[in-house]
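Within every chain, numbering begins at 1; the chains are lettered A, B, ... in the order of the sequence lines, protein sequences first and strands thereafter.
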Amino acid sequence: MSQVRVRFAPSPTGPLHIGGVRTALYNYLFAKKNNGTFILRIEDTDQTRFVEGAEKYIMESLKWCGIIVDEGINEGGNYGPYRQSDRKSLYRQYADILLEKGYAYYAFDTPEQLDALRKESEKEHKTFIYNADVREKLNNSISLKESEWKEKLNRGENYVIRYKMPQNEDINFEDIIRGKIVVNTSTLDDKVLFKSDGMPTYHLANIVDDHLMEISHVIRGEEWLPSLPLHIMLYRSFGWQAPLFAHLPLLLKPDGKGKLSKRDGDKMGFPVFPLFWPYGETAKGYREEGYYPEAFVNMLALLGWNPGTEKEIFSLKELIDSFSIERVGKSGSRFDPEKAKWFNHQYLENRTDKQLASEFKEHLNAHGYQVADDRLEALVGLVKMRVSFVKDLWDQVDFFFKAPETYDQEAIKKRWKDDSVKQLSELKTILEKIDDFSSSRTEEAVMTWIGEKGYNTGAVMNAFRLVIVGASRGPHIFDITSWIGKEETLRRIDAGLSSIGR
RNA sequence: GGCCCCAUGGUCAAGCGGUUAAGACAUCGGCCUUUCACGCCGGUAACAGGGGUUCGAAUCCCCUUGGGGUCACCA
């Protein structure tokens, strides 16, 4: 295979949706796997849809994911510029080539006229297509006399350049993921290639740019499949060798039908975007929700691609090593927010206590507490298997920092027995005698005492937990008492005794 | 509606002519235990339907059904 060059070509019309991120990811994985180049090209040929901040958002999103752009607006490269609006001057000449070769023509129909025709067809339950059947009846350089259309041109009348789709011709082409596809040109229309505002449409621009940038593989979403025949025809008309195509299956919404949209995220409470979108109608992002980029990328990679093994946890490096486009599935994948959480949990649990402690530190400070690093490390180690996100850690450790102010009524009802007061009072005297307050030593002493007295272990321990924690929750009780220390433990027993009493 | 794509449990999915049809998430039991979680063990649960091809089809072909995408001077 010659040099692999792939591009991710989003249009900056808003925040990048996770489906787009996945497309970028697959392009990136494919490029790196094949020692190729990953290019970021901004497709902003529609000036009316320009959205401030979108371009930057795209770049930040990729960066957050760990996807490194080889060639692009910021990175430079030998095939620039990498923003289509900066390439504006370059497209017209290619439209002219098609005009000269007779593969394209001028059309003067106004959008209003075309709209009217479409509506008319709709009434008759037919689809209006601008093709060989009707173009003779419309206003263009094919139907009009040469003097007429040249006159229009000279007068400066608005026009577009359309591709002259041949009649009744089978186009055979191949998609890496889907195999052979045949489409008859009669079902296709004369797409606009060049708009009256002097900008090319996507169709022209992407072919010209992919050719000029020597793109070897076009990996994009399935929604582009219907326009692939046109693109193939364009390559042929130019006499250029077309790149190889791979159309990725769509990401579907978790419930119901259709492709994933922003609405689903709002409705079901999960993000549809990698980062928080701060403009206009804001949107949640995975980063701000507390997802690790590694977990996010891992989850996304496995949505539509599978290595064929049982391995599920992949670093970006491992993804690159095992990725292959042939193993991308054909059918759409329904996105599952639960599994996304699970992935994050896996990554969180695999963090070292040291890493986790430093990540949690700011959250702890925000709650108004500070603690030595080694103590915090010990603490997160005790509870990390119980959460999926760093921000959820606080709810697991709050009672380590503050003694209970109230006691869970349910727990009292269930765990506070008639002899709890007596037993906890005794327990207190036992604990007072212990010098080494380590978890194991304390446990040993307490268990010995319970054994000697013949108490019910569960009864004692649950009541003990109730006064220490304030509820029936938390890790191993002696890990807690060891961490908060002897003094605090005794204080909490007293407080519980007098508060719950009886 | 035209055109195109797709079809294995609730979800992600393995399978690429011969399997007791994996595994993961979720769910439900059980074990562990001093609560909860983790962990471990186990259960429920799938080849959309119908025709072919074949000694033999989840796997190949056709039809039906279902789902999705796309039909702009948007990408």
A/F50 CZ - B/A75 P separation (whole Å): 15 Å
Any residue meeting side chain to side chain donor-acceptor pair (under 3.5 Å) with A/R473, in chain and number order, not counting sequence neighbours: A/D398
Axial cation check for A/W149 ring with A/K152, 6.0 Å and 45° limits: no
Strand partner of B/U70, provided both Watson-Crick or wobble distances fall under 3.5 Å: B/G2
Pairing partner (Watson-Crick or G-U wobble, both distances under 3.5 angstrom) of B/A58: none
Touch class at under 4.0 angstrom, heavy-atom based, for A/S11 against every strand present: sugar-phosphate
Touch class at under 4.0 angstrom, heavy-atom based, for A/P229 against every strand present: nothing
Sugar-phosphate only, base, or nothing, as touched by A/G329 at under 4.0 Å among non-hydrogen atoms: nothing
Sugar-phosphate, base or nothing in reach of A/T127, heavy atoms under 4.0 Å: base
Touch class at under 4.0 angstrom, heavy-atom based, for A/H476 against every strand present: base
Sugar-phosphate only, base, or nothing, as touched by A/K259 at under 4.0 Å among non-hydrogen atoms: sugar-phosphate
Spacing between A/E223 atom CD and B/A72 atom P, to the nearest angstrom: 16 Å
Counter-base of B/A26, judged by Watson-Crick or G-U geometry with both distances under 3.5 Å: none
Watson-Crick or G-U wobble partner of B/C38, both distances under 3.5 Å: none
Please list, for nucleotides 20-23 of chain B, all pairs of protein and nucleotide N/O atoms separated by less than 3.5 Å.
{"unit_1": "B/G23", "atom_1": "O4'", "unit_2": "A/E310", "atom_2": "OE2", "d": "3.3"}

Expected output: side-chain A/W305 to main-chain A/P307 donor-acceptor under 3.5 Å: no
Test item: A/T185 side-chain N/O and A/N168 main-chain N/O as donor-acceptor pair under 3.5 Å: yes
Nearest listed nucleotide, side chain of A/P111, among B/A75, B/U35, B/C73: B/C73
Rounded distance in Å - CG (A/D210) to P (B/A75): 14 Å
Residues touching RNA chain B, which here means a heavy atom under 4.0 Å, drawn from residues 194-207 of chain A: A/K195, A/S196, A/P200, A/T201, A/Y202
Touch class at under 4.0 angstrom, heavy-atom based, for A/F108 against every strand present: nothing
Protein-to-nucleotide contact annotation, 5' to 3' order, nucleotides 37-49 of chain B [B base; S sugar-phosphate only; - none; under 4.0 Å, heavy atom]: BS-----------
Atom-to-atom span, NZ of A/K341 to P of B/C12 - whole angstrom: 18 Å
Plane angle bin for A/F273 and A/H17 - parallel if under 30°, tilted between 30 and 60°, otherwise perpendicular: perpendicular
Pick out the pairs of N or O atoms, protein on one side and nucleotides 28-31 of chain B on the other, that lie under 3.5 Å.
none

Sugar-phosphate, base or nothing in reach of A/R327, heavy atoms under 4.0 Å: sugar-phosphate
Residues in side chain to side chain donor-acceptor pair (under 3.5 Å) contact with A/E223, at least two apart in sequence or another chain: none
Residues in side chain to side chain donor-acceptor pair (under 3.5 Å) contact with A/Y57, at least two apart in sequence or another chain: none
Touch class at under 4.0 angstrom, heavy-atom based, for A/V192 against every strand present: sugar-phosphate
Touch class at under 4.0 angstrom, heavy-atom based, for A/D109 against every strand present: base
Would you tabulate the nitrogen or oxygen pairs shorter than 3.5 Å linking the protein to nucleotides 3-10 of chain B?
{"unit_1": "B/C5", "atom_1": "O2'", "unit_2": "A/R178", "atom_2": "NH1", "d": "2.6"}
{"unit_1": "B/C5", "atom_1": "O2'", "unit_2": "A/E222", "atom_2": "OE2", "d": "3.3"}

Pairing partner of B/U19 (Watson-Crick or G-U wobble, both distances under 3.5 Å): none
Backbone N/O of A/I313 and side chain of A/K311: donor-acceptor pair under 3.5 Å: yes
Stretch residues 114-124 of chain A: residues that reach within less than 4.0 Å of RNA chain B through a heavy atom: A/L114, A/R118
Sugar-phosphate, base or nothing in reach of A/T45, heavy atoms under 4.0 Å: sugar-phosphate
Hey, can you pull the donor-acceptor pairs under 3.5 Å for the side chains in residues 443-451 of chain A, sequence neighbours left out?
{"unit_1": "A/E443", "atom_1": "OE1", "unit_2": "A/H476", "atom_2": "NE2", "d": "3.1"}
{"unit_1": "A/T448", "atom_1": "OG1", "unit_2": "A/E444", "atom_2": "O", "d": "2.7"}
{"unit_1": "A/W449", "atom_1": "NE1", "unit_2": "A/E426", "atom_2": "OE1", "d": "3.3"}

Touch class at under 4.0 angstrom, heavy-atom based, for A/Q84 against every strand present: nothing
Under 3.5 Å donor-acceptor pair, A/R465 side-chain atoms to B/U35 base atoms: yes
Sugar-phosphate only, base, or nothing, as touched by A/I477 at under 4.0 Å among non-hydrogen atoms: base
Identify all side-chain donor-acceptor contacts of residues 103-111 of chain A below 3.5 Å with residues at least two apart in sequence or on another chain.
{"unit_1": "A/Y105", "atom_1": "OH", "unit_2": "A/D190", "atom_2": "OD2", "d": "2.6"}
{"unit_1": "A/D109", "atom_1": "OD1", "unit_2": "A/N139", "atom_2": "N", "d": "2.9"}
{"unit_1": "A/D109", "atom_1": "OD2", "unit_2": "A/Y130", "atom_2": "OH", "d": "2.5"}
{"unit_1": "A/T110", "atom_1": "OG1", "unit_2": "A/E112", "atom_2": "OE1", "d": "3.4"}
{"unit_1": "A/T110", "atom_1": "OG1", "unit_2": "A/Q113", "atom_2": "N", "d": "3.1"}

Partners meeting side chain to side chain contact (heavy atoms under 4.5 Å, CB included) with A/S388 (sequence neighbours left out): A/H345
